[in-house]
Amino acid sequence: GKIWPKANVEPRNYRMHLLNGTDSRFLVTQFVAVDPGVTDPNDLNASEPLDFWVIGSDQGLGTPAQTDTLVIEPGGRYDVVVNFSGLGGKRVIMKNLGGDAPFGGAFGGDLDPEDLFPDRQTDRIMAFDVVIPKSSVPDNFNPGNLPGYGGVANGATTRRVALFEGKDEFGRLQPLLGTVADGDLSGTNVATAYTWFQPTTETPSFDSTEIWEIYNFTADAHPVHLHLVNFEILDREDFEYDITGEQTILQHNGAAGVAPEISNIRNVTATSVGSEYFEDAPKDMVTALPGDPEGAPATGQLVRVKAEFNKSGRYVWHCHILSHEDHEMMRVLQVGP
């Protein structure tokens, strides 16, 4: 809740609970050591990125992984352990390599100049001054003592859902959710976009387990959130598809918007993300990464998650980017009758 906050810490391991509470910004975090009082994480005397441990995420502890970079999507929660030992008298800055434009998966040196604000000051999050003498509290963090993540049990049926970018009746960008047809995807118009008020299409049975294939037909990454579930992120695949026209999207006031008509999904091939993504933990959010919808042919990416639906009732699933979920990337999720 503060701009550039600062905390004083001991030269020891600290476990931090991190929440990205921004409305739209993906944070790509690193920790670097600088001299006392420095506020620029890119200072000439800054250290190389410090290694740290990621030990958990949205729904609890996962399989620990050591990294020096962590992507935190809007609404995402992560447990990390940072070791300030040997840094007495130093300042450690949590920096952000993510850009200021909508996130498409690129960060750091891969960003284009137009992805950054002029006089950029969004590259730093907070600082830790290592100035408190070490206390007698045991400092015995050992990632090998953590149990690791076993995934979601039970067999599962598969449900195909989709992310679209359309336009409302005024020509404004309107991100949307929808469905992808069962069976063969080589035909025309194989994915349908919906607005919020249209009848519910996601209706898992109570106490069931489902694999959701989330197809991203947009140019951006979307932090997809399913309410009141625990899911396992299984894998990712790239695919090609054709845009063969427009589908009409009914608005709440009876007007009509449009979204791309998707046809001939093909050439589905396995892909993966780098170590900067921590996904080996119980989750309720996943980053659906884009392909290149402007290419010829257009490309997209799908991510599979395996979810338990053990709470009956009426919930939602949505993109956690605020302007997207409000207009109109949110749908009802009905568990049970």
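Hydrogens, waters and symmetry mates are skipped; everything else that's a heavy atom, side chains included, is used.
Minimum interatomic distance between H327 and L173 (heavy atoms only, all atoms of both residues): CD2-O, 3.5 Å.
With sequence neighbours excluded, the residues satisfying salt bridge (Lys or Arg N to Asp or Glu O under 4.0 Å) with E10 are R12. Scored by the side chain to side chain contact (heavy atoms under 4.5 Å, CB included) test, T201 finds T179, Y194, R331 as partners (sequence neighbours excluded). Remark: S24 engages I321 in a side chain to side chain contact (heavy atoms under 4.5 Å, CB included) (not counting sequence neighbours). Every residue two or more places apart in sequence or in another chain that forms a salt bridge (Lys or Arg N to Asp or Glu O under 4.0 Å) with K6 is listed here: D129. For I55, the side chain to side chain contact (heavy atoms under 4.5 Å, CB included) partners two or more places apart in sequence, or in a different chain, are R15, W53, L61, P64, D79, V81, F141, L146. Considering only residues two or more places apart in sequence or on other chains, Y277 meets the ring-ring contact (aromatic ring centres under 6.0 Å, His included) condition with none of them. Applying the salt bridge (Lys or Arg N to Asp or Glu O under 4.0 Å) test to E308 and every residue at least two apart in sequence or in another chain returns nothing. Checked against salt bridge (Lys or Arg N to Asp or Glu O under 4.0 Å), R314 has no partners two or more places apart in sequence or in another chain. When the side chain to side chain contact (heavy atoms under 4.5 Å, CB included) test is applied to A281, the partners found at least two apart in sequence or on another chain are S57, F278. Remark: H227 engages H225, H318 in a ring-ring contact (aromatic ring centres under 6.0 Å, His included) (not counting sequence neighbours).
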For residues 150-157, run the donor-acceptor check on the side chains, cut-off 3.5 Å, and write out each pair with its distance to 0.1 Å, sequence neighbours left out.
none

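Tracing side-chain contacts under 4.5 Å through hydrophobic residues (I, L, V, M, F, W, Y), one reaches V9 starting from M16; they form part of the same cluster. In this structure, I214 is a member of the same hydrophobic cluster as L177, with clusters built from ILVMFWY side-chain heavy atoms closer than 4.5 Å. Placement of M329 and L322 in two distinct hydrophobic clusters is found when ILVMFWY residues are connected by side-chain heavy-atom separations under 4.5 Å, directly or transitively.
Side-chain atoms of E276 do not come within 3.5 Å of backbone N or O of L70 as any donor-acceptor pair. Using a distance-only test at 3.5 Å, with no hydrogens or angles considered, no donor-acceptor pair links the side chain of Q301 to the main chain of R236. Remark: the backbone N or O of D40 is not paired with any side-chain donor or acceptor of D43 at under 3.5 angstrom. Side-chain atoms of R77 come within 3.5 Å of backbone N or O of G75 as a donor-acceptor pair. N216 places no side-chain N or O within donor-acceptor distance of the main-chain N or O of G291, the cut-off being under 3.5 Å. In this structure, N8 contributes its side chain and I132 its backbone to no donor-acceptor pair below 3.5 Å.
Counting only residues at least two apart or in different chains, ring pair (Phe, Tyr, Trp, His ring centres under 6.0 Å) contacts with residues 63-106 comprise Y14-F84, F26-F103, F84-F128.
Between the side chains of T203 and Q334, no donor N or O sits under 3.5 Å from an acceptor N or O. Side-chain polar atoms of N83 and S85 form a donor-acceptor pair below 3.5 angstrom. A donor atom on one side chain and an acceptor atom on the other are found under 3.5 Å apart for D184 and S186.
Atom CD of E114 has more than 12 neighbouring heavy atoms from other residues, nucleotides or ligands inside a 6.0 Å radius.
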*asked:* Test side-chain contact (heavy atoms from CB on, under 4.5 Å) on L185 and V180; report intermediate values, then the result.
replied: CA-CA 8 Å; L185 296 178; V180 176; 3.7 Å; yes
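The pair R160-E213 meets the salt-bridge criterion, with a side-chain N (NZ, NE, NH1 or NH2) lying under 4.0 Å from an Asp/Glu carboxylate O. For K90 and D35, the salt-bridge test passes: some basic side-chain N is under 4.0 Å from an acidic carboxylate O.
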